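Some notes on the structure that comes next.
Just so it is clear, the model here is predicted, and its values are computed rather than measured.
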Amino acid sequence: MVNNAIIPPESPVRYISILENIKGFAYDYRASFIAIGVFIIYVPITAYILWNGFEKTQSSEVVYFSLFLLSCFAEGSRLTLPLFGLWKSYSLFFVFIGRLVFAGRFLAPCSFLLSALFSETEQRQDVDRNCVLCILLAIFVAILVPLDTSVVTSSCTIWWGYRSLFVIMRIMFYILTFISIMLNAYKKDSVELKGNATGFIILILGYSLLQASDNFITMFISIIFFITGTVIYLRTLHSRYLWN
């Protein structure tokens, strides 16, 4: 940045192309860089909060949330594309970054779904196995997905195949997670779980918008949602185990 050596993608494809015709939502590569930087900063700060606030808590949800942090960490690798101009070289490292980002975006919805489905006390002995299987599945799918290395998005990612199918799958995973949390909340008559479901929706909305942020308005909105959702999600989770 000091030497003005950053090489932003030329003529990138925008995830949300409709924003091009709305005033104030014009593409600005600096917003994309800052959005990626938010993911990089978010991981260690949130990891410290988990370690400090849940150190003595036997919560499987915290372990699964750590998988989500791992997926956020993978988002930070996008910064290498403009920093080193990888999108111009089409090297093996360029392809590796594309698959790493895809693996992270597959891992995120899976981690929350596991957290919602396998959070009971009797299922805690399976947490390690579930995490390993989830990571291996994300890697396996990322290896198989076809990449179009000739197309780079405005948020510094490589265009991958079956995009519509992947988006629908992620949305379905998030919906299933929300339904699972709410069913568990009504079953146990838990106010904390209802708040947890609300925090989850806000968190995922901010997370998804931040991935596609390529202008400052979307970026600021997504950051607010991302942080607010994380606070609500973790606070309600902590309150639940505090009372239990």
Side-chain angles (χ1 to χ4, degrees), residues 7-21 25 27 29 31-33 35-36 38-40 67-114 130-178 203-215 218-219 222 226:
I7 309 175
E10 296 177 359
S11 304
V13 176
R14 303 187 72 180
Y15 278 120
I16 312 176
S17 57
I18 193 175
L19 295 179
E20 296 177 0
N21 302 319
F25 288 88
Y27 168 59
Y29 71 89
S32 300
F33 297 166
I36 298 172
V38 170
F39 280 113
I40 297 174
L67 287 183
F68 172 69
L69 292 184
L70 186 62
S71 71
C72 291
F73 189 74
E75 292 290 335
S77 65
R78 292 187 284 142
L79 203 60
T80 59
L81 269 67
L83 285 182
F84 303 113
L86 294 181
W87 57 272
K88 298 178 69 175
S89 63
Y90 306 115
S91 62
L92 290 176
F93 187 55
F94 175 65
V95 175
F96 170 76
I97 294 299
R99 297 195 183 281
L100 178 61
V101 173
F102 184 89
R105 297 191 179 183
F106 185 88
L107 183 63
C110 290
S111 63
F112 280 112
L113 185 60
L114 286 175
N130 292 340
C131 288
V132 171
L133 291 176
C134 190
I135 293 174
L136 291 177
L137 180 61
I139 294 173
F140 179 73
V141 174
I143 291 174
L144 293 181
V145 67
L147 298 178
D148 186 353
T149 55
S150 64
V151 180
V152 180
T153 68
S154 57
S155 56
C156 300
T157 59
I158 303 174
W159 198 263
W160 49 69
Y162 308 109
R163 179 170 293 274
S164 298
L165 178 62
F166 179 60
V167 171
I168 293 173
M169 184 206 71
R170 293 180 75 194
I171 293 175
M172 291 301 299
F173 274 30
Y174 291 141
I175 293 176
L176 286 174
T177 300
F178 177 77
L203 169 59
I204 289 304
L205 182 58
Y207 166 74
S208 301
L209 284 176
L210 195 60
Q211 290 175 340
S213 292
D214 57 8
N215 62 83
T218 304
M219 184 198 71
S222 61
F226 195 40

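When all heavy atoms of L67 and C131 are compared, the closest pair comes out as CD1-SG, 3.8 Å. Here the shortest heavy-atom pairing between A108 and S71 reads CB-OG, 3.5 Å. Minimum heavy-atom separation, G161 to V145: O-CG2, 3.8 Å. Contact record, F33 with P8: CZ-CB, 4.3 Å, taken as the closest heavy-atom pair. Taking both residues in full, the closest heavy atoms of A142 and A103 are given as CB-CB, 3.7 Å, listed atom of the first, atom of the second, then distance. Shown here for F102 and V141, the closest heavy-atom pair between the two residues is CE2-CG1, 3.4 Å.
In this structure, W159 and V13 have side chains that are in contact, with non-hydrogen atoms separated by less than 4.5 Å. Residues L81 and P9 form no side-chain contact, since every pair of their non-hydrogen atoms from C-beta on lies 4.5 Å or further apart. Using a 4.5 Å heavy-atom threshold, the side chains of Y207 and C72 count as touching. Residues I7 and L83 fail the side-chain proximity criterion, which asks for heavy atoms closer than 4.5 Å. With contacts defined as side-chain heavy-atom distances shorter than 4.5 Å, the pair F96/S77 does not qualify. By the 4.5 Å heavy-atom criterion applied to side chains, C134 and L107 are counted as neighbours. Between D214 and Y29, every side-chain heavy-atom pair lies at or beyond the 4.5 Å cut-off. For the pair F106/R170, no side-chain contact is recorded, criterion being any heavy-atom separation below 4.5 Å from C-beta on.
The CD1 atom of I139 lies 12.0 Å from the CG atom of L144; values are rounded to the nearest 0.5 Å. Remark: Y174 OH to L205 CG distance equals 11.0 Å, nearest 0.5 Å. Within the model, atoms OG of S32 and CE of M219 stand 9.5 Å from one another, a figure rounded to the nearest 0.5 Å. In this structure, F112 CZ and F173 CZ are separated by 14.0 Å, a value rounded to the nearest 0.5 Å. Here I168 contributes atom CD1 and I175 contributes atom CD1; the two are 10.5 Å apart, rounded to the nearest 0.5 Å.
Side-chain N or O atoms of T218 include none that pairs as donor or acceptor with a backbone N or O of N215 at under 3.5 Å. Under a 3.5 Å cut-off, the side chain of S154 and the backbone N or O of P12 do not form any donor-acceptor pair.
For the side chain to side chain donor-acceptor pair (under 3.5 Å) test, residues two or more places apart in sequence or in another chain that qualify with S150 are D148. Residues meeting the side chain to side chain donor-acceptor pair (under 3.5 Å) test with T153, sequence neighbours left out: S155, T157. Under the rule for a salt bridge (charged side-chain N to carboxylate O under 4.0 Å, His left out), R99 has no partner lying at least two apart in sequence or in another chain. Taking the side chain to side chain donor-acceptor pair (under 3.5 Å) definition, one finds that T177 meets it with nothing, sequence neighbours left out.
The aromatic rings of F166 and W160 lie perpendicular to each other, with more than 60° between the two planes, well past the 30° mark. Between F226 and F68, the ring planes are perpendicular. Angles over 60° get that label, and only those under 30° would be called parallel.
Identified under the side-chain hydrogen bond (donor to acceptor under 3.5 Å, both in side chains) test for residues 102-111, with sequence neighbours left out: Y15-R105, E75-R105. The salt bridge (Lys or Arg N to Asp or Glu O under 4.0 Å) analysis of residues 158-167, with sequence neighbours excluded, yields no pairs.
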Using the rule given for side chain to side chain contact (heavy atoms under 4.5 Å, CB included), can you reason through F94 versus V152, listing the C-alpha separation, both sets of side-chain angles and the distance that settles it, and then say yes or no? CA-CA 11 Å; F94 175 65; V152 180; 4.1 Å; yes
Step by step, would you call I158 with V151 a side chain to side chain contact (heavy atoms under 4.5 Å, CB included)? CA-CA 6 Å; I158 303 174; V151 180; over 6 Å; no
Give the C-alpha distance, both sets of side-chain angles, the deciding distance and a yes or no for side chain to side chain contact (heavy atoms under 4.5 Å, CB included) between C156 and I36. CA-CA 9 Å; C156 300; I36 298 172; 4.1 Å; yes
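Atom CG of L92 is surrounded by 12 or fewer heavy atoms from other residues, nucleotides or ligands within 6.0 Å.
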